[in-house]
Amino acid sequence: MDEDLVRLESSLWVGKKRYRAALTGWHLNWTELDKKNRDKKTVSVPVSEVIGVEEGRVQVLPQRSVAEDTDREFTVFYVKRSSSGSSYGLLWRLGRTQFCCPSRDLRDQWMTQLRIALKTHSPSRPHRLLVFINPFGGKKQGRQIYHSLVAPLFELAGISSHVVVTERANQARDHILKKDLTGFDGVVCVGGDGIFSELLHGVIGRTQQEAGLSEHDPSLTLQSCDLHIGIIPAGSTDCVCFATVGVNDPVTSALHIIIGDSQPLDVCSVHNCSSLVRYSVSLVGYGFYGDVLAESERHRWMGPLRYDYSGAMVYLSNRSYAGVVQYLPADSQLSSPRDNTRCLSGCSVCSKSTERLFPHSPGASSLYSSHFSQFSSDTEGEWVSVEGRFRAVSLTCMSSSCPRSPLGLSPSAHLADGTGDLIIVRDTHPLGFLTFLHRHTSTEDQFDLPFVDVHRVKAVRFSLPTGEEEDKDEERERVNDGGMTEEGKRPCRSGSHKHLVERREERGQKDFLCGLCCSKAPTVSVWNCDGEILPHTEIFCRVHGQLVRLYARGIEDGSATPTRKCRDGHRNCKERCVLNN
Ligand SMILES: CCCCCCCCCCCCC/C=C/[C@@H](O)[C@H](COP(=O)(O)O)NC(=O)CCCCCCCCCCCCCCC
Ligand SMILES: Nc1ncnc2c1ncn2[C@@H]1O[C@H](COP(=O)(O)OP(=O)(O)O)[C@@H](O)[C@H]1O
Ligand SMILES: [Ca+2]
């Protein structure tokens, strides 16, 4: 069937202007006509971006209202884009056009045809959602943001939602793991990266339980999750939202959820001694980012500012840590963290990875079927080892852009290519490290520094140098603190972090002063895993390609999207910089 066949076409009025409107399978277009019936400008909205159609002259925000005497009128709501002043992504807003028909009969035809088109062309739209609000996230605005900005849009789109305002940490995760989710098409969080992480753990854990797979064995291919996750940003860093949508804006995210966008996302599983510790999508960071998080936990009352304050304090404490980093490099033919590309909506690197990661899915070639032999002993020789003192060791599965760092920890990382970027910042003088940090806030290349290395990887191991017995004791003490269950396998899910944070706090105060005023600085840092402190120092991380799906579509290429200068100094070098699409 030709989807661009016109299904309905007629003259319509918008205010005092006359239009010729046409509905095809894919688009709703309306073209302004002048007095001589000549075309003026056309507005074209993809059917997939129509949010709803209502009889009469309707408005929904800030409050729903319907004008009287409206039996020849209907209102179409749709996605309207505008550039966001401060970030590089596009803001989505609710566009609204009120049409007036020559007759009531024609109005009914428009309503019917538009609703049929919406049903047939948006099969992936959610009908029922389970929403978790963290009332304490970010500036504590979660409830208000949901009820004033998001709920009216869900209602307009005919989505019914069951809302849970959380009363404790991990409630959302436990709910997803244990409760009946029949009838829900997706789960949504209103909050920051922490509540998102709860949904991530719930959704992955539940999917593996149902598939009868163990999450502990890092060599197992996990089952990818069908239940989509939506994020309404209302947190402190909002990194996952920012890096997958391009802005942290509740209305934009709500509209992506409504139209059922789907963005696969790589997930890193973090293990210790053959047991799963946590999953991460943005940052697994040791040294600076671990210390900032540990320090910031004591200043939660500052809200989002706690990270800037703690960042400055930790920077001034001028620490570095000894360690051994091992990594399994990804195929350097496919992409590189320094190729000056950006992973944008429809990214070709990620699309090719879909074929590689799911060779048996319809339409995929079987060229790359043996990808998980990588953890067997015969690939041991492929591991690369780096030993030394580090300011920071970070692994990120995506760019990890956020309002603090609009291009992110690794600007060329991909959301769904099955790899992560390992950033190793070796010990350096304070000014060098400040330069590295500061470059995260601009388009200058933070990897173009002699003490920084970046590698695209499939897996990473971190251990303490042999012979550092004191450190190992500290490590062991921490593992015991980490609250393991009796079987000694699964990390205890309740309370372990709180307990650890309290201990870290006790120690942290002393550590911190030592770092500032005397020579005895701590020898071991902690891992920051998407904003949670890990109870282990020695870890193994493995990237699982496209393990979950978000209601998002990646960053849309706004005209302001910056690229770094290529090595020849061109800012928009078509040959070398802009490889996307
Ligand atoms: C000199 C300016 C330096 C700016 C450096 C910016 C680096 C930004 C990197 C952002 C990485 C984000 C990775 C995401 C992590 C989140 O999952 C996670 C949890 O988020 P949630 O609380 O919303 O749940 N967030 C975090 O762990 C926060 C990490 C933030 C680190 C910010 C560091 C600010 C550093 C300021 C240094 C200032 C030095 C001044 C010297 C006088
Ligand atoms: N009702 C609650 N009370 C206390 N902590 C909660 C609650 N709901 C969620 N949390 C936890 O709060 C932490 C921070 O949440 P998050 O939404 O990321 O806000 P922020 O971005 O400000 O850190 C997360 O670890 C999450 O598990
Ligand atoms: Ca990736």
Side-chain angles (χ1 to χ4, degrees), residues 1-15 17-33 39 41-61 64 66 70-81 90 92-129 152-161 185-186 228 230 251-263 345-346 551-553 556:
M1 191 169 75
D2 185 349
E3 294 295 349
D4 256 6
L5 271 184
V6 176
R7 290 164 179 226
L8 185 59
E9 186 170 16
S10 79
S11 271
L12 295 177
W13 294 86
V14 178
K17 292 181 180 157
R18 198 159 66 87
Y19 286 78
R20 185 165 37 79
L23 175 66
T24 68
W26 299 119
H27 287 90
L28 169 66
N29 306 312
W30 58 102
T31 306
E32 192 182 335
L33 302 173
D39 288 4
K41 58 177 193 272
T42 299
V43 181
S44 179
V45 175
V47 171
S48 61
E49 293 182 7
V50 172
I51 300 299
V53 192
E54 298 274 310
E55 287 178 5
R57 262 189 286 149
V58 180
Q59 92 173 27
V60 285
L61 291 175
R64 193 180 173 87
V66 185
T70 56
D71 68 347
R72 287 183 296 126
E73 284 163 314
F74 66 97
T75 306
V76 178
F77 296 93
Y78 50 90
V79 171
K80 202 172 163 185
R81 290 166 173 78
L90 292 175
W92 282 17
R93 287 287 169 261
L94 185 67
R96 180 189 56 154
T97 301
Q98 297 165 336
F99 295 98
C100 184
C101 302
S103 69
R104 181 184 182 144
D105 191 40
L106 190 59
R107 195 274 306 264
D108 292 344
Q109 276 189 50
W110 271 105
M111 295 282 304
T112 311
Q113 288 299 327
L114 276 165
R115 285 184 172 154
I116 292 173
L118 268 185
K119 269 217 170 85
T120 39
H121 286 276
S122 306
S124 52
R125 288 191 183 201
H127 301 287
R128 190 157 162 68
L129 293 169
L153 295 177
F154 283 179
E155 195 187 322
L156 172 69
I159 295 174
S160 74
S161 48
D185 302 304
H228 278 61
V251 170
T252 306
S253 292
L255 294 171
H256 280 285
I257 295 171
I258 289 170
I259 69 169
D261 266 342
S262 184
Q263 171 66 51
S345 193
Y551 286 121
R553 61 167 62 170
E556 287 186 312

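- Considering only heavy atoms from C-beta on, H228 comes within 4.5 Å of S262 through its side chain.
- Pairing each heavy atom of A552 with each of D261, the nearest pair is O-CB, 3.3 Å.
- With rounding to the nearest 0.5 Å, the separation of OG in S44 from CG in L28 is 8.0 Å.
- Separation of atoms CG (L12) and OG1 (T31) is listed at 11.0 Å; rounding is to 0.5 Å.
- Put simply, the side chain of D185 gets close to the backbone of H127: a donor and an acceptor are under 3.5 Å apart.
- Side-chain N or O atoms of S122 include none that pairs as donor or acceptor with a backbone N or O of K119 at under 3.5 Å.
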Test log, rule side-chain contact (heavy atoms from CB on, under 4.5 Å), inputs V60 and R96: CA-CA 10 Å; V60 285; R96 180 189 56 154; over 6 Å; no
Would Q263 and H256 satisfy side-chain contact (heavy atoms from CB on, under 4.5 Å), going step by step from the backbone distance to the final call? CA-CA 10 Å; Q263 171 66 51; H256 280 285; over 6 Å; no
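- Interatomic distance, C101 SG to R72 CZ, rounded to the nearest 0.5 Å: 8.5 Å.
- Considering CH2 of W92 and OG1 of T252, their distance stands at 8.5 Å, rounded to 0.5 Å.
- The CZ atom of F77 lies 10.5 Å from the CD1 atom of I51; values are rounded to the nearest 0.5 Å.
- When all heavy atoms of D108 and T112 are compared, the closest pair comes out as O-OG1, 2.7 Å.
- Using a 4.5 Å cut-off on side-chain heavy atoms (C-beta onward), H121 and S48 make no contact.
- W110 and S10 form a side-chain donor-acceptor contact under 3.5 Å, judged by distance and modelled atom types alone.
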Test side-chain contact (heavy atoms from CB on, under 4.5 Å) on L94 and L156; report intermediate values, then the result. CA-CA 11 Å; L94 185 67; L156 172 69; 4.0 Å; yes
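- Using a 4.0 Å cut-off between charged nitrogen and carboxylate oxygen, R553 and E49 count as a salt-bridge pair.
- No donor-acceptor contact under 3.5 angstrom links the side chains of Y551 and S253, judged on distance only.
- Tested against R125 for a side chain to side chain contact (heavy atoms under 4.5 Å, CB included), the candidates I257, I159, L118 yield a single pass: L118.
- The closest side-chain heavy-atom distance from F154 to L129 is below 4.5 Å.
- F99 contributes atom CZ, which lies 8.5 Å from atom OH of Y19 (distance to the nearest 0.5 angstrom).
- Counting heavy atoms from C-beta on, the side chains of S11 and R18 come closer than 4.5 Å.
- Across V6, N29, V47, a single residue satisfies side chain to side chain contact (heavy atoms under 4.5 Å, CB included) together with L23, and that is V47.
- By the 4.0 Å N-to-carboxylate-O rule, E9 lies close enough to R20 to be salt-bridged with it.
- Taking 4.5 Å as the limit, some side-chain heavy atom of V251 sits within range of a side-chain heavy atom of R93.
- Between Q98 and T75, the shortest heavy-atom distance links the atoms CG-OG1, 3.6 Å.
- Looking at R115, its side chain does come within 3.5 Å of a backbone N or O of V53 through a donor-acceptor pair.
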side-chain contact (heavy atoms from CB on, under 4.5 Å) between L114 and F74, intermediate numbers included: CA-CA 11 Å; L114 276 165; F74 66 97; 3.8 Å; yes
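- Salt-bridge check for E556 with R81: passed, with a basic side-chain N closer than 4.0 Å to an acidic carboxylate O.
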